[in-house]
Amino acid sequence: MIPYGPFHPDKAGLNTNVCREARNCIPLIGGTFKPLRAPAPFSANALDGACEGAVTIFDDDGDVFTFAGDATKLYELGADLNWVDVSRLADGAYQAGSGEPWRFGTSGNLVIACTIGEDPQKYILNQSTNFEPLGGNPPRARFIANVRETIVLAGLLNDERTVRTSGIANAEQWDVGINSATTQTFQDGGPIRGVIGGEVGYIMHAERVTRMTFVPDSDFVFQYDQVEGGRGLANAGSLIRLGQNAYYYGDDNFYKMSLVSGAAQPIGVGKWSRFFADDLRSVNEPMIAGIDPLNRLIVWGYVSKGNPASTPDKLLLYDWALDEAAIAAVPTTAIARLLSPGVTLDTMDQFGTMDELAFSLDSPVWQGGSALLGVFGADRRLSYLQGATLEAVFVSSDMQAGGRQFINGVRPLIDTTEATVALSARESQGEAVVFEDAEAQEDNGVCPQHLSGHVMRARVEVPAGAEWTKFEGALEQELPQGQR
């Protein structure tokens with residue numbers, strides 16, 4: 001066996017059963033992988049600008065509403081799958097600013113949209129036709145969350161250490177001291193970079209994490225306790241909640257934090273965390289995060305070192321149950337867990353004939369209420385990762401058998417006949433890695449080779465559009481050399 005296995009580039013060495021590279025694939029159990037599919041457009045039209053945030057919301061009757069925003073407008077996805085401009089009617093276009101995302105909260109049937117450059121906006125489901133300013137004179141804020149029966153705004157304009165909370169069960173009551181509306185300014189921990197809501201809230205600072213606990217019938221309403229010190233949230237866009245845990249990128253690593261105890265532990269250590277830190281252009285560049293429930297993934301978009309632009313060009317795909325990951329080369333401006341609105345036979349016509357459908361007929365895209373990862377790219381359309389398979393690449397660890405080896409063939413362990421294999425042969429580990437030309441599979445499934453050396457490395461590639469279900473590794477056909 002050529003040494004393949006899970007994507008653990010930090011661990012790669014001689015004869016270690018890991019992948020140095022696993023690109024455009026999804027990790028499975030036992031160090032195997034399945035294909036990642038390309039974004040396929042779902043919305044009939046595009047936003048006017050790059051998407052800066054999106055959300056799906058249920059109303060009281062269980063109907064699905066999807067909203068998105070760019071630098072100057074807010075949109076709602078209509079029943080005909082067209083984005084409709086539902087921006088405010090007064091005061092002109094929004095001035096959210098490039099790279100400043102819209103974040104959304106709810107209070108009953110009230111949808112609240114926040115971005116640092118604008119007053120919070122509201123939209124009443126099944127009643128409003130456009131957003132308008134949220135009542136009560138709330139502050140401008142980067143972050144919004146629901147903690148118990150209150151709306152929490154944090155990362156305030158010109159006051160990034162302060163948290164404001166609305167009156168209880170009243171998202172348009174912001175006068176401090178009335179109906180338990182509060183303000184809290186923190187003296188240490190640095191600027192606030194995120195808020196997590198729920199029965200208990202968490203304030204994510206640059207250098208600490210603070211728990212906020214509702215204390216009924218008290219003068220201070222919320223109790224604030226530090227649960228992490230000296231370490232906090234390095235990139236606001238990396239914060240994502242999943243069940244009773246939060247995941248985020250700290251100063252030195254990705255972390256998983258329990259929302260019950262507040263304890264945080266690093267993930268990916270000894271596997272891919274060092275690789276990610278080396279591949280990340282800067283912690284200050286935009287990061288985005290979303291949940292792909294269909295594939296059981298947390299997806300982080302980031303700007304890699306090889307990217308000349310400031311738009312995320314790669315995705316880290318993290319399986320939270322397996323604690324394994326892979327990398328994808330999929331440029332994105334926004335990702336979010338969204339619920340499919342469902343498609344009727346009438347609206348399905350816009351996707352073309354049966355032969356032209358971007359999604360298979362059994363895809364959950366067609367079913368209303370299916371939870372999927374929504375992706376926005378350069379085309380500014382809502383897409384789902386349900387298109388053709390992307391080109392997949394798997395690079396092995398180095399193989400050394402104790403003597404010089406001659407390899408005359410490699411059999412990729414994958415259920416397709418379209419895979420190719422390229423080998424690199426070196427006399428020592430210190431030599432540069434240079435791959436020979438890739439060879440296609442013959443009728444027997446083997447990719448012929450004619451290469452000898454002491455240290456061997458394999459690269460298996462599967463072209464875009466090839467149909468396959470699992471990659472398990474590769475077998476070499478070898479002969480010993482240099483023996484007498």
Once rounded to the nearest 0.5 Å, what's the spacing between atom [atom1] of [X] and atom [atom2] of [Y]?
X    : Y    : atom1 : atom2 : answer
K34  : L28  : NZ    : CG    : 6.0 Å
D60  : N126 : CG    : CG    : 8.5 Å
T417 : W468 : OG1   : CH2   : 14.0 Å
I144 : L134 : CD1   : CG    : 8.0 Å
I26  : R296 : CD1   : CZ    : 10.5 Å
T106 : N146 : OG1   : CG    : 5.0 Å

Between [Y] and [X], does any NZ, NE, NH1 or NH2 come within less than 4.0 Å of an OD or OE carboxylate oxygen?
X    : Y    : value
R37  : E467 : yes
R459 : E21  : no
R88  : E118 : yes
K271 : D323 : yes
K305 : D279 : no

Without swapping roles, check the side chain of [X] against the backbone of [Y] for a donor-acceptor pair under 3.5 Å.
X    : Y    : answer
N130 : L89  : no
S258 : S261 : yes
N235 : V283 : yes
R23  : A328 : no
Q441 : E418 : yes
Y202 : L259 : yes
R274 : D10  : yes
D70  : T72  : yes
T332 : V375 : no
N24  : E391 : yes

Margin query: Please check if the number of heavy atoms outside D379 that lie under 6.0 Å from its CG is greater than 12.
Written below: yes
Note to self: Please check if the number of heavy atoms outside K11 that lie under 6.0 Å from its NZ is greater than 12.
What the structure shows: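 At most 12 heavy atoms, drawn from other residues, nucleotides or ligands, come within 6.0 Å of this atom.
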Do we see a donor-acceptor contact under 3.5 Å between the side chains of [X] and [Y]?
X    : Y    : result
N307 : K314 : no
T469 : D415 : yes
N253 : S273 : yes
T162 : D159 : yes
Y318 : E324 : no
R380 : T333 : no
T182 : T165 : yes
E76  : Y123 : yes

Side chains of [X] and [Y], heavy atoms from C-beta outward: is any pair under 4.5 Å?
X    : Y    : value
T389 : L36  : no
L81  : F42  : yes
F435 : V395 : yes
D313 : T311 : no

Non-hydrogen atoms of [X] and [Y] that approach each other most closely:
X    : Y    : result
P27  : L322 : O-CD1, 4.1 Å
L153 : A141 : CB-CB, 3.8 Å
L390 : A38  : CD2-CB, 3.5 Å
A145 : V195 : CB-CG1, 3.6 Å
V303 : P286 : CG2-O, 3.8 Å
Y255 : A264 : CD2-CB, 4.3 Å

Quick check, are the ring centers of [X] and [Y] under 6.0 angstrom apart?
X    : Y    : answer
Y302 : Y249 : no
F254 : Y248 : no
F131 : F67  : yes
Y94  : W102 : yes
F394 : F471 : yes

Check: For the ring pair (Phe, Tyr, Trp, His ring centres under 6.0 Å) test, which of F33, F276, F275, W272 pairs with F7?
Finding: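 Exactly one candidate clears the test, F275.
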Item checked: Worked check of salt bridge (Lys or Arg N to Asp or Glu O under 4.0 Å) between K122 and E172 -> CA-CA 10 Å; K122 71 174 182 180; E172 297 189 275; 3.0 Å; yes
Next item on the list: May I ask you to check if R148 and F214 form a cation-pi contact, with NZ or CZ under 6.0 angstrom from the six-membered ring centre and within 45° of the axis?
Entry: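 Not satisfied by the 6.0 Å and 45° rule.
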Check: Where do D48 and K73 land on the salt bridge (Lys or Arg N to Asp or Glu O under 4.0 Å) test, with the steps shown first?
Finding: CA-CA 8 Å; D48 289 345; K73 295 179 180 178; 2.4 Å; yes
Item checked: Derivation of the side-chain hydrogen bond (donor to acceptor under 3.5 Å, both in side chains) call for T150 and S166 -> CA-CA 5 Å; T150 67; S166 72; 5.2 Å; no
Item checked: T420 and V460: CA distance, side-chain angles, deciding distance, side chain to side chain contact (heavy atoms under 4.5 Å, CB included) verdict -> CA-CA 6 Å; T420 64; V460 177; over 6 Å; no
Note to self: Taking side-chain contact (heavy atoms from CB on, under 4.5 Å) as the criterion, tell me which of I291, I267, N245 meets it with W320.
What the structure shows: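 The residue from I291, I267, N245 that satisfies side-chain contact (heavy atoms from CB on, under 4.5 Å) with W320 turns out to be I291.
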Margin query: For M212 and V147: C-alpha separation, side-chain torsions, deciding distance, then whether side chain to side chain contact (heavy atoms under 4.5 Å, CB included) applies.
Written below: CA-CA 9 Å; M212 58 182 301; V147 177; 4.2 Å; yes
Next item on the list: Determine, step by step, whether E228 and E207 satisfy the side chain to side chain contact (heavy atoms under 4.5 Å, CB included) criterion, reporting the C-alpha distance in whole Å, the side-chain angles of both residues, the deciding distance to 0.1 Å, and the verdict.
Entry: CA-CA 8 Å; E228 285 272 353; E207 296 180 343; over 6 Å; no
Note to self: Applying ring-ring contact (aromatic ring centres under 6.0 Å, His included), can you list everything that pairs with F186, at least two apart in sequence or on another chain?
What the structure shows: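 Testing F186 for ring-ring contact (aromatic ring centres under 6.0 Å, His included), a comparison that skips the adjacent residues, returns H205, Y224.
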Notebook entry, point to check: For S282, what residues pass the side-chain hydrogen bond (donor to acceptor under 3.5 Å, both in side chains) criterion, not counting sequence neighbours?
Noted result: none
